[in-house]
Structure formats: structure tokens, C-alpha cells
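Single-structure report; data block below.
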Amino acid sequence: MSVTRCDIFCKVIDNYGDIGVCWRLARQLAAEQGLAVRLWVDDLASFARLAPALDASAAQQRLADLDICRWDGAAASATPADIVIEAFACDPPAAYVEAMAKRPRKPAWINLEYLSAEGWVEGSHGLPSPHPRLPLVKHFFFPGFTPATGGLIREKGLIDRLRAFQADAASQAAFWQRIAGQAPAAGALSISLFAYENAALPGLLDAWASGERNIFCAVTSGRHLPQVDAWLASRGAAGCGKLQLAFLPFLDQGDYDHLLAACALNFVRGEDSFVRAQWAGRPFVWHIYRQEEDWHRVKLDAFLHRYGASSGTAGMRALKDFWQAWERESDAGGQWPALLAALPELAAHAASWQQKLAEDTDLASKLLIFCQNLLECAAFPKAATGASGN
Ligand code: TRH
């Protein structure tokens with residue numbers, strides 16, 4: 001039987017979330033599902049930051065057992081694959097779509113959507129969207145936190161690998177030396193910081209520097225960095241007090257996963273790092289991607305609710321207050337003592353949340369079942385019973 005071919009189209013809007021998700025999914029579909037994957041990306045320079053082995057000047061290359069192609073004019077004349085995934089409604093080239101329609105057996109065409117914990121996602125997952133002109137149907141595939149959604153990207157064995165790393169002090173010490181050239185001081189609370197610009201950040205750094213607890217903060221490369229630099233410069237003789245800062249280069253995705261697993265608390269943002277923090281099984285703070293008319297607040301509250309933040313425990317109240325302060329860029333420093341005190345409760349919760357999420361089938365497996373159902377429907381339309389394929 002011939003290998004199923006899959007094309008993934010990715011436009012880098014801004015930041016790293018779009019390519020971060022596509023790169024993970026592409027590798028997983030190739031490595032675990034045996035698909036022949038081609039990943040079309042319009043911005044190879046951004047991509048190369050996540051995948052340092054990538055040659056950003058090459059129109060086409062092979063990496064991690066898949067083909068990576070620059071999304072330029074050549075994409076229009078490519079022969080369509082059996083499965084076509086457009087990430088985040090990025091619209092494959094018109095000529096490519098025409099060629100899809102000409103195939104005797106139409107490809108399974110998926111629009112992979114953004115992640116949300118909102119309730120409507122379950123009802124929209126898998127819905128068809130017929131093409132207005134061509135004999136093609138695109139289907140919406142929504143990631144999510146419940147079995148009735150498309151699930152979350154989770155590579156085979158990920159949780160076991162992260163737990164083994166968390167149980168191995170020597171591997172963690174070697175990891176810190178390799179990525180940061182230093183390790184957290186004994187007894188220090190280790191925190192990773194990845195965020196957007198945030199007016200609340202200097203106040204939080206003040207709270208860390210002047211608090212009782214030693215804090216080791218691994219500052220990742222990102223939009224928050226100039227603020228940390230400015231804060232450091234402003235401290236002068238006061239120094240960093242209880243705060244030990246380690247500035248990291250932009251890590252590859254594997255190392256970033258290990259960073260999240262090594263820390264007791266992670267500040268994450270956007271979509272992909274937000275999911276990876278949940279797989280690390282440690283407490284986290286989410287800097288959600290801002291949307292027009294504050295729509296992101298609905299999304300933030302939906303996740304907080306699903307995460308159990310409405311349960312009313314002291315820990316969950318502290319979490320909710322801190323996340324909301326962080327989103328509103330207001331007085332996160334003032335909220336810090338409560339969050340710090342809540343960490344033991346939040347650590348236990350993060351571990352059971354990780355366990356609960358891991359009971360659902362991962363996104364790549366669900367996606368393949370969904371697409372196989374669509375392809376079977378295309379091959380044997382009368383026998384088809386529908387393509388729910390959660
Ligand atoms: O970069 P982001 O802010 O991406 C955002 C969101 O995805 C948002 O929903 C989307 O609309 C917008 O982009 C366009 O945050 P995110 O999603 O966490 O992506 C960051 C990626 O970078 C993720 O794959 C983790 C990875 N990463 C590394 O590989 N190494 C690093 O050192 C760091 C800090 C991140």
C-alpha cells in the first residue's frame with residue numbers, strides 16, 4: 001500500500017506559535033504515523049530559530065524525515081497530497097486548490113484552528129465547509145481539552161520522558177550548565193519566563209528581588225527581554241537581591257520542553273508554550289495573545305474555568321488573581337506572595353491536570369483517523385457513515 005502523503009501549509013503571522021505548532025505536528029505525523037510530509041512555510045528565517053539545523057536560504061530541504069519547502073511560487077504548481085492541512089486558515093495557493101479539485105479522489109482538506117477552552121469548540125470541531133465553486137469540502141479541526149475536540153499535540157512517550165528528566169537531578173544539573181552556564185542555587189525556586197511586553201513585569205522582578213525566597217529566573221529570548229534588561233540597568237547598586245537571573249538563547253523545541261520540566265513555575269504565552277507547560281505538569285502563568293475588543297479575556301476565563309480555577313480553594317484564587325493581573329498588566333508584584341504561598345497546592349493540581357489531559361488521544365492520532373474517514377468517504381461514498389473521528 002502506498003504511503004499517505006500530507007502537505008501542511010503554514011504562514012508565520014507573527015511570533016513563533018504558528019510555526020511552532022506546524023513543526024511539531026509535521027514531525028509527529030512523519031515519525032509516528034508514517035506519513036510522507038511536506039511542510040510549506042513562508043518565513044524560513046523565523047522557523048530556523050526553532051530548528052537551528054534548518055537552512056533558511058534553501059527552497060527545499062529534508063529535515064527530521066520530512067520535506068520542508070519554502071512557500072513561494074512553486075507551491076502553486078505542486079501536486080496535491082492525500083491530506084492537506086492549512087494551519088490557522090492560511091489559504092493554500094489558488095492553483096493548488098484547483099489541482100486538488102481535479103484529483104479523482106479528493107484530498108482530505110483540513111483547516112487546523114487555534115486552541116480554545118471555550119464550550120462552542122466541541123460543536124464546531126469537524127464541521128464541513130464546502131468550497132463555493134469547486135467540488136471540495138474543507139473541514140474545521142479544533143484542538144481542545146476534551147475528548148469531543150481534536151485534542152492536543154502530544155508526542156508518544158512525552159510524559160514519561162519528562163517525568164524521567166524531572167526525577168534525574170544529574171541530568172537537570174547538566175542541562176542547566178549546557179543552556180545557561182549556571183544552575184539554580186540550592187533551595188532556590190526555579191522559574192522560566194516567556195511573555196510578551198508586560199507593564200507588570202518590572203514590579204514582579206522587584207517583588208522577586210526583595211522577597212524572602214531565593215529565586216532563579218531563566219529568562220528566555222522573547223519580547224519581554226528589553227524590559228528585563230531595563231530593570232536590571234535600573235537596579236544599580238541595589239543589585240538583584242534574592243533574584244538570580246540567567247539569560248538563555250532561543251532554545252530548540254526539545255530543550256524548551258526540558259526547561260519547562262526543570263522549573264517549578266513557568267511563565268508561558270500564546271498557544272504552543274501554553275500547551276507544553278501543561279505537559280510539563282508544573283504550575284504556570286499564561287500570558288494570553290491579545291485579541292481585538294478583548295476577546296482573549298473570554299478565552300482566558302474559559303481556560304481558567306476548565307482548569308478548575310473556580311473551585312474556590314486558596315490556591316486557585318491566587319492563581320486566578322495572578323493570571324488576571326498578568327493579563328491586565330497590573331500589580332503582578334502585589335499578587336506574588338499569594339501565588340508563591342499557593343505553589344504546593346498548584347503543583348499537585350498541575351500534576352493531576354497533566355494526567356487527566358494525557359488520558360485523551362493526542363491531536364495527530366485524532367487528525368489521522370479523521371482524515372482516513374474522509375478519504376474512505378471519498379473512495380466509497382455510499383458505504384460511508386460519516387467522519388466524526390474525534
Ligand atoms: O510565539 P507565540 O506568542 O505565538 C503566538 C500564538 O501562537 C498565538 O496564538 C498566535 O496567534 C500568534 O503567535 C501569531 O507563543 P507560542 O504559541 O508559545 O509559540 C512559541 C514557540 O516557540 C513554541 O513552539 C515554543 C517555542 N520556543 C522555543 O522553541 N524555544 C524557546 O527558547 C522559546 C522561548 C520558545
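Remember, it's a predicted structure, so these values are computed and weren't measured experimentally. Remember, it's 1-based here, ligands and their atoms both numbered in the order they're listed.
If you check each of S192, S46, G270 against atom 6 (C) of ligand 1, the one with the closest non-hydrogen atom is G270. Nearest-heavy-atom check against atom 14 (C) of ligand 1 across N15, D14, I13 picks out D14.
Close approach of ligand 1 to E271 is summarised as follows: ligand atoms under 4.0 Å from at least one heavy atom of the residue are 6 (C), 7 (O), 9 (O), 16 (P), 17 (O), 18 (O). Residue-ligand proximity, G20 to ligand 1, at heavy-atom distances under 4.0 Å covers atoms 24 (O). Of all atoms in ligand 1, numbered sequentially from 1 with element shown, those under 4.0 Å from a heavy atom of Q253 are 24 (O), 29 (O). Ligand 1 places these atoms under 4.0 Å from at least one heavy atom of D18: 14 (C).
When F9, W40, Y96 are each tested for a ring-ring contact (aromatic ring centres under 6.0 Å, His included) with W71, only one passes: F9. The one candidate from L29, L35, D7 that meets the side chain to side chain contact (heavy atoms under 4.5 Å, CB included) condition with I83 is L35.
Of all heavy-atom pairs spanning H305 and S310, the tightest one is ND1-OG, 3.0 Å. Taking every heavy atom of both residues into account, L193 and C217 meet most closely at CB-SG, 3.9 Å.
Looking at atom 3 (O) of ligand 1, its nearest protein heavy atom turns out to be Y196 OH, 2.5 Å. For atom 30 (N) of ligand 1, the nearest protein heavy atom (residue, atom name, distance) is L251 O, 2.7 Å. Ranking the protein heavy atoms by distance from atom 35 (C) of ligand 1 puts F250 CZ, 3.6 Å first. Scanning all protein heavy atoms for the shortest distance to atom 10 (C) of ligand 1 gives Y114 CE2, 3.9 Å. What sits closest to atom 18 (O) of ligand 1 on the protein, heavy atoms only, is S273 OG, 2.6 Å. Of the protein's heavy atoms, G17 N, 2.9 Å lies nearest to atom 4 (O) of ligand 1. With hydrogens left out, the protein atom closest to atom 21 (C) of ligand 1 is Y16 CB, 3.6 Å, a heavy atom. Remark: minimum distance from atom 8 (C) of ligand 1 to any protein heavy atom is reached at Y289 CG, 3.8 Å.
Contacts of D272 with ligand 1, taken as heavy-atom pairs under 4.0 Å, involve both backbone and side chain.
Salt bridge present: R235 and D206 bring a charged side-chain N and a carboxylate O closer than 4.0 Å.
If you check the side chains of T149 and H125, you find no donor sitting under 3.5 Å from an acceptor. With hydrogens and angles left out, the side-chain atoms of Y16 and R49 include a donor and acceptor closer than 3.5 Å. No hydrogens or angles considered: a donor-acceptor pair under 3.5 Å links the side chains of W109 and E86. Using modelled atom types and a 3.5 Å distance limit, the side chains of Y289 and N15 yield no donor-acceptor pair.
Proximity of F175 to L259: side-chain heavy atoms (C-beta onward) are separated by under 4.5 Å at one or more points.
Using a 4.0 Å heavy-atom cutoff, W23 is absent from the residues neighbouring ligand 1.
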